[in-house]
Structure formats: C-alpha cells, structure tokens
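Take a look at the structure below.
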Amino acid sequence: MFIGRYPYLHFHSYICFFTRKHTKPLDYNPILIMKTFIKKITIQKQLSTIIISLFFFANFTMVWAQTTTTYTFENENGVYDLIEHESATFKQEIERIDDNKSVVRITISKGFPKISSSYPISGLSGDMQPYLQPTSHIQSDAPEIKRVADMIKNNTDFDNDLWHLVSAVLRWNHGRLRYGNPSEIPSALDAYNDTFVNCIGFVHLPAAILRNLGIPARVVRTFMVRGSRLTRHYLLEVYFPDDDLWVTFEPQTLGPPMRGNVAVFVDNNWNQQKHIVSRNFSIDPKTFVRHGLPYQSKPIDETGQLPRHNFDADGFDIPPCLGLTVSGYGQDIVAIGYGEPKPGPRMNEETHLEQAEIVFYTPDGNGYKSQSFPAEDVVEGEYLPRGWNGSSYSNQAFTIAGTTFGNNYAKPNPQLNTHMHKRWTVVQFNRFLQEPNESAQPWRESIPNRQNFRGDTLQRGMLAIFYKSNNGQWTHHQNIFNPFISETNHFGDEVAITGHTMFVSAANTEVNESQSGEVLVYELDRNNHWQFVRTIKREESLRRVRYGHKIAANDKHLVIADLKGLHIYNWNGKNNEKAAHLPYDFGEGSVNIDVHNPAEYLITSLSMDGCRIAAGFGHFNRQGEQSGATMVFEKEGDEWIQTSFFTPEEVQENNQFGINVALKGHQLFVSAHHMGTSLGTNSGGIYVFEPMENDLWVSTAFLRAKGMIAQPFTGEPSGKGGENLGFDMVVIDDQVIAGAPGIYMRNFSKNWGSIYTFDIPESAFNLKQVENVTPSSTRIVSVEPNPTFSISQITFDLDKPSNISIYLIDENGQKHHPFIDKQAMKKGRYTIGLDLLDVTPGNHQLVLETSQDKFTFDLLRISRLETEAIE
C-alpha cells in the first residue's frame, strides 16, 4: 500500500508516542522509580526520509530511511548518565544540560546499508577479541552451540558473503525462539533448551552462534520509552570488518531497532553490576515487561458501495450527493442525499433543502433496499432559500416579549446531520426557525436589551424524528423544536440517545447572559413521543465555550465536550452526577484558546465505549496545518484520566486525521478524509488502532477505497479519485460505513459522492479457530505474551464439542477475570488474546475449564516489581 506524498514508502504501522497525564498521588505514578525517577519526558519527533534504493537481500529489506527522536529527561533528584553510541543503524547523542537534565537525540535507520564484508573473517584487531570469546552467558564454545553454528553454515549458500550468513543465523534464531519468561536472565544455552525466552535470550543465543563462527557480536542494554513508561530491553550488534561497521539488530523482528530504544551500555556479556546500577531508571511496579515488533498494519479494501436510491424517479435533475453524513445502528443505515452541490468544500445552500432526501438502507438478501423522504415533506411550515416564509413576512416585522425583529428569518441549515439509535433516527436541522409566534420563549435565561438583530441569525432548531415499525418500515414520527428562541443557539448540533432518554445540544445558547451553551434532556412519554424535561448546564458559565458541541452517552455515562475539556457524568437512566472535568492536554503546556476562532482545538468527533472515550481533533495543527490528532480518555478505578494524544507519523498537513472517531470494543477507528493514497490525492482513509499497554495505540489496519466513486446511472468509476473517504463514518455490528462525498476534486456536475462499506478487521482480542487442525486431546497448547499489545495469546485444543470457560485463579485460590464464560464450542484448535493489563500483581494460574475437565497454566508474576527484585 502506498500512502500520502511518499509513493515509494511502504505503508506500515507506527507506534504513537505521548506523555501520559496522571493526576493520581505520586506513589501510584507509573514513572515512579526508587532513587531516580523521570519527572518529565518531552518527546519531539522528526521524520526524515531519504529513499536511495529498494531491494531484497537475504530476506531483509534494504531501504535507507531514518527516524530521529529527541527525548528530554528531567528530574530534580538527578538523571542517569547515559552514553553516546553509534552504529550503522543506531546513533545516540547526549547533551548533558546539568545533573538534573539530559537531552537525548536518537536516530534509527528504518533499513540496513549495503554490506560488502566477506566470510571467513581474518585479521581482526585485538580490541575485537572480547566479542569473539565465550562468556558466562554467551557460551559460544558449548557443543550445542557449535552444532547449530555448523548446521547453519553447512546449509546456507552464503557464497562467502558475511551479511548472508549473519542473516541466516538471525532467521534460525527467530524461528526457534518464542517470547516469554520476562523475569528470567537466560543464557545462550538456556534459550536454546527452553525456547521460550525474553529479549535477553533473543540476544544471547545468536551472539553465541555468531562468535562460534568467528563473527564479533555484542549486546546493547537499552530501555524502551513507551509513553511515560520505561521498559528494559536488549539489542544485538554484529561487526562487519570490511565495511568497518557495527550494525544494531532487533533479533525479535529481524530488523533495525524499533523507535524508543535509548542505549544504557554496551558489553561483551551479561553485566550484572552495570545492570543493577542502571535498572532503577526503569522500575515501574504497575506494569510488566513487553517488547517486540509493532503489530503489522494491513491495508483493507471496501466490500462495496451502497446502491443509490432512484433519485431520478423523484424528479431530480442531478443526482444528489451522498457521503456528507451517514449514521447507523445494527444493520440499518441512514444517509442524506444533498442537492446540486457546488465544487469545493462549500455546498450550494440555496438548493440543499429543496433537493435533499433522507435515505434509509436495510439489508435485503445480498444487497440493500432503500426508503427515502424528501426533506421538504418533514419540515413544518413553508420556507424559501433566502429566508423563512419570506413572501408572507416580506413587509412585516414580528415582536416577541417587547423585542422587535426584522423580516428575514433563519435559513434552513445546509449541513443536516443524522443520528440513529435502535429504532430511532434523528435528522438535525440545527439552524432552523419555526414560524415566528408571540408565544415562543426568547432566550434561555432572560431577554437581553438587543434591538439590532439580523433576522437570519435567529434560530430555534428542529429535529425530525423517524421510527422503525415492526414491519421494518421507517415513518416520520415527530418534529421537535427547541422550546427557546435564541440567536445562533445551535440547537441540534449533537444528539445522543440511551435507553428512553435523548440528549440534545444547544452549544451557543445564552446561559446567564453568556453564550456558554447547554444540553437539553428529552424523555419518551407513554405515547412514545419525546418530551422536553430539563436542561444540563455548565457549572461555571464562560462566554462562547460551546458546552455541548459534542456529546456521547451510554447506560452509565454522559460525556459533554466544550472548548475547555470533557465533562463526564455518571448516568443512572434518570439523573446525572458530575464525575470528572478533564481539561485537554495537548502537550503544549497552557493553551489560550481563541473562543472566536477555536478551530484547531475544537473536537470534531466524540465516541464512547464502556469506560473509554475517544475525541478527534481533525483541525489540530500537530504535524502541519490541520494534520489532525486523536485523544483517548480512560477510567482507572474511580478516576478518569487522559491517557493519550497522538497522530501517526505519516499524517501530513491538511490530512485531518481525527475528523471522525469511533470506538468498538478494543478497536479505535479514526478517519483522515484528506489523506492521499494510491488511488489519488484526497482519497482519504480510515485507521484502525488497538491498545498497546492501555495507553499506546498501534495501527493494525488501514481502510482505503480501491474503486472510485460509482456513477449513479452506470455504476462505472466516475473519474480521478478524490473520494474524501471518511468525511463521515459509523461502525455498526460487523461493518464500517464510510461516507465519501468527493467534494474537493470533482466538477460540480459529477459530484455524486458515495457510501463505502468495509468488513471490520479481525481484532487481536478475538477468539479464532485455527484451520486444518484436528486435536487428539484437550489441552492448553501455549500461552505466549504478545510483545506489543497488553495481551497474552492463549492457544488451546478441544478434542470434542464442549462448553468452555477461561479465567484466572490467584495465589489465594480466588477466581476472577472470566475471559470466556461457558461458551459452546466445537472441536478444534483456538487462539484468543487475553488482556492482562488490569490483573492485580501476584502469582496466577490461567484455567481452561471444559464440560469434562480443567486445564491450568502457571503464569509468571504479573508485576515488573518482581522482575526487578530477582536481579
């Protein structure tokens, strides 16, 4: 897959770095370190890419590209004295500011330079001898090591090429070892015999084999920066004498070191004393050690495009534009078809409502059937494009509570929006003014002494409510107007429904003579109609703070966003109680947001699933103007905290990453509708992320348009890319539905847009059956910690159909964390990812319980504190 403006770069996943914001007491802070702790980690990132050549050699990709990262470590009690170090693939420069502060600049190659060294090696200098000798942990003279070294050399056609032979050793090592046992210090022989090893074993075993072959090899002790967490790690370095180069390898990935490695020391053997001296730099009692390759990001093409409703039969001269707004629930989808769009981002306001249609899609066999409603048919009252009922009121003014207004009333909102929840669909006309009458209530709190309004700034807002009947048909059910008239109140900007309650925002409403905004609460009455019951207001009224411009709700929580942060409420179905106010942390210190022009800091999308919240900032200037960013919040215990703020490195200016976000289980979907792909500039795409150690997110898939927008009448591709995929987006039961209006690249006469469908990519946490395996007995095959995610993967066999449960038993015999509970499964081999991040530190057994028996697996202590203690 090709991405963005670098068509020669392979698209792959990047780990997103950030500083985690904790407000808990110091003794809980995961950066806490015994004698020395990192008080602050500031990460400044630069990506420099120079493409020199692209070819494959001994199964390694040879690309010259490098990433430079700068870390600032600061602590009032002193910072560890790090080393300067350089190899062909890793360079570390240190600027020691003072005893309490160091700036570390790390440059890591994304590939390998071309190597010309030959084998056998001869004429090495004396200073290379320590890297050829056997040691206590690198037993290069052991018979087992010699047998492996001879086997690799005799079965590899390396043609006197040293690089080829080294590659063969690393491939053999990678194929034999599996990651595990993070608390141990395995020697080369331990690794050879046990095969389940940590990063130390991944380094010691190939180092011993290489030394037996007469090739200098050494270990590099590092720690990995993982957000605000530091994890100990080890890398392998091999010397190529003809090139006079040390090359640093990550033997777990057969590649150069991953980003985040900071070198602590280099040695020819396990050095216990140096390790003890440096280890306090990375103690973290709340997490356990994980290392390895980022989960690979897979490009995924659409499964199709939704069929177009027969707009021609409804009398449209030009087919309306699809893709500007889309919503859905279960298997149902709703979209708006907009009339006669202009080219460019602004649509033709004068024809929006006359030619707009509300279209419902319902699965029908292998396709969809559609049902439509012209917008005119659901609007109460007459209107003209340039003013509400302009002909009737052209020579009149009207008066409300002593305040007289002119004759040009609010225009229908050209940016309609939709929200679907179970059987309800809400179409939001958020700048609509019902036919004026003197009984309407002006302003939320009082009537300011204002006489000079433009008539078209007055708003009341309208929600058109649709209901799905038992026969599967959607009917227009009810219209709701804001009970208060105001100026630009934005009633209906956002809607959220949970149970029998609907929350409707009015983010610019006058509250206490300040346009701070409010959220109106509606409930279903006995006649199945929505009735206004009360409002929710910000505790402190601040002018133009836009309280409620984004909202989200589930059966336990209500989230209301404004320019200053998130307001999170506990929700019991009737009443709300304030649980937290979380100011946004943009990693820029104190931010002074211009309330009159807040675009960069304004949330463009908000999503909640359980106790996790995602907020998209599609206009944030993180990696260029409007490159975008995404923020994630989590509930830990009784406290809500912001855990991440990130942008993938390949995102560039104007990509608008985060313009839409959606959480579903362990997956986070983030669209960037201006991103360029192989289909064309502004084609757009949707990232799929999964959590790594809870506060780091790794891209596991990228949804892209393979086919161009289909023409309405022929179904043929319509032209030159520019789909703007992800302009709007919804994740339903088993699909991602993505709007692609194509409004930035097409001639207005061909601006049809489309709606793409994607299968949801398989999550690392899903239960999967391994194909073509016929187990002879029921057992736990393996439990393998995933080197990147906060999960371990369990593989187990069932020799007969059974109801199974998977859970943990702690050292006190208590059962907890039921990952699977009495699920009926057929015969076969299965794998599943288990999230162990929140498991209390201690000794645990993993239990697989079937209808007939129990099988256990002894897990290591889930605590980094225990890892440190044994050393």
Side-chain angles (χ1 to χ4, degrees), residues 324-325 345-346 413-417 419 428 430-431 459 461 488-496 503-509 511 514-519 538 540-552 558-568 581-608 613-633 642 644-647 651 653-663 668 670-674 724 726-729:
L324 279 164
T325 180
R346 285 191 59 82
N413 178 23
Q415 296 296 330
L416 304 182
N417 205 353
H419 178 82
Q428 299 143 244
N430 68 352
R431 297 178 190 175
Q459 294 179 7
T488 61
N489 60 38
H490 288 200
F491 174 83
D493 261 356
E494 279 287 297
V495 171
F503 301 96
V504 182
S505 70
N508 213 35
T509 296
V511 177
S514 173
Q515 290 172 298
S516 58
E518 65 183 3
V519 173
R538 202 177 192 277
E540 180 187 9
S541 181
L542 297 176
R543 184 164 178 76
R544 295 186 184 275
V545 76
R546 302 195 185 188
Y547 176 82
H549 79 280
K550 295 294 176 185
I551 55 179
L558 167 66
V559 183
I560 300 176
D562 64 20
L563 280 172
K564 299 295 185 179
L566 293 186
H567 302 260
I568 303 175
H581 174 231
L582 299 181
Y584 308 126
D585 183 355
F586 297 103
E588 303 175 347
S590 178
V591 176
N592 184 22
I593 300 174
D594 181 0
V595 297
H596 296 284
N597 187 27
E600 181 180 358
Y601 300 98
L602 195 65
I603 287 180
T604 56
S605 184
L606 186 67
S607 179
M608 177 168 54
I613 303 167
F617 293 82
H619 305 301
F620 193 78
N621 302 329
R622 184 173 177 85
Q623 292 175 198
E625 186 175 353
Q626 295 198 51
S627 56
T630 295
M631 196 174 285
V632 178
F633 304 83
Q642 177 183 321
S644 64
F645 183 57
F646 64 93
T647 300
V651 165
E653 180 174 314
N654 205 36
N655 282 174
Q656 297 191 23
F657 170 83
I659 198 72
N660 285 289
V661 298
L663 284 164
L668 169 61
V670 184
S671 69
H673 74 102
H674 273 304
N724 306 117
F727 190 93
D728 201 4
M729 172 184 70

Ring pair (Phe, Tyr, Trp, His ring centres under 6.0 Å) partners for Phe503, two or more places apart: Trp571
Checking Asp728 now: which residues fulfil side chain to side chain donor-acceptor pair (under 3.5 Å) with it, not counting sequence neighbours? Thr325
Under the rule for side chain to side chain donor-acceptor pair (under 3.5 Å), what residues qualify as partners of His619, not counting sequence neighbours? Gln626
Give me the atom names and distance for the closest heavy-atom approach of Glu494 to Asn417. OE2-ND2, 4.5 Å
Here the gap from Asn655 atom CG to Thr647 atom OG1, rounded to the nearest 0.5 Å, amounts to 10.0 Å
For side-chain contact (heavy atoms from CB on, under 4.5 Å), just list the numbers for Ile613 and Ile568, CA-CA rounded to whole Å, side-chain angles, deciding distance to a tenth of an Å, and then say yes or no. CA-CA 10 Å; Ile613 303 167; Ile568 303 175; 3.7 Å; yes
Atom pair CD1 (Ile560) and NE2 (His581), whose distance is rounded to the nearest 0.5 Å: 11.0 Å
Determine whether the aromatic ring centres of residues Phe620 and Phe645 are separated by less than 6.0 angstrom. yes
Of all residues at least two apart in sequence or in a different chain, which pass the side chain to side chain donor-acceptor pair (under 3.5 Å) check with His567? Asp562, Lys578
Residues in side-chain contact (heavy atoms from CB on, under 4.5 Å) contact with Thr630, at least two apart in sequence or another chain: Phe646, Phe657, Val661, Leu668, Val670
For a side-chain contact (heavy atoms from CB on, under 4.5 Å) check, start with the C-alpha distance between Tyr601 and Tyr584, then their side-chain angles and the critical distance, and finish with the verdict. CA-CA 9 Å; Tyr601 300 98; Tyr584 308 126; over 6 Å; no
Verify, without hydrogens or angle tests, whether Asn660 (side chain) and Gly726 (backbone) share a donor-acceptor contact under 3.5 angstrom. yes
